[in-house]
Chemist: 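Mind looking over this structure? Questions follow.
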Amino acid sequence: MSCPICNKEADAKYRPFCSRRCADVDLGRWLRGSYAIPAEPLDEGDPPAGPQDDADPASGARPH
């Protein structure tokens, strides 16, 4: 496995990174918000996203 930051061989002590430095670089990216999933902003009138109901509303079946 190679380090996701610099592509050197990973060290078992810092896995999946090769060093403390690369682990700290990754942590810094998380804390700055560099790792984010692109999304569209919600309109204020939209209900919050929640778990999806597995039941088919047309069949009248209820989930377990």
Side-chain angles (χ1 to χ4, degrees):
M1 173 181 241
S2 62
C3 176
I5 303 299
C6 69
N7 292 320
K8 291 181 182 175
E9 188 68 27
D11 184 329
K13 184 175 179 181
Y14 301 105
R15 191 173 177 167
F17 307 103
C18 67
S19 66
R20 173 70 187 235
R21 180 197 168 279
C22 284
D24 288 344
V25 167
D26 184 70
L27 177 60
R29 289 178 182 174
W30 278 106
L31 294 174
R32 279 191 310 273
S34 297
Y35 296 135
I37 298 171
E40 305 256 341
L42 292 175
D43 290 336
E44 289 195 26
D46 290 343
Q52 296 296 317
D53 193 293
D54 291 336
D56 180 8
S59 71
R62 296 179 58 148
H64 302 259

Chemist: For residues V25 and F17, determine if any side-chain heavy atom of one lies less than 4.5 Å from a side-chain heavy atom of the other.
Modeler: no

Chemist: How long is the span from the CZ atom in R29 to the CG atom in D24, to the nearest 0.5 Å?
Modeler: 12.0 Å

Chemist: Please name the residue in the list K13, E9, K8 that meets the side-chain contact (heavy atoms from CB on, under 4.5 Å) test with D11.
Modeler: K13

Chemist: Where is the tightest heavy-atom contact between A10 and P16, given as atom of each residue plus distance?
Modeler: CB-O, 3.5 Å

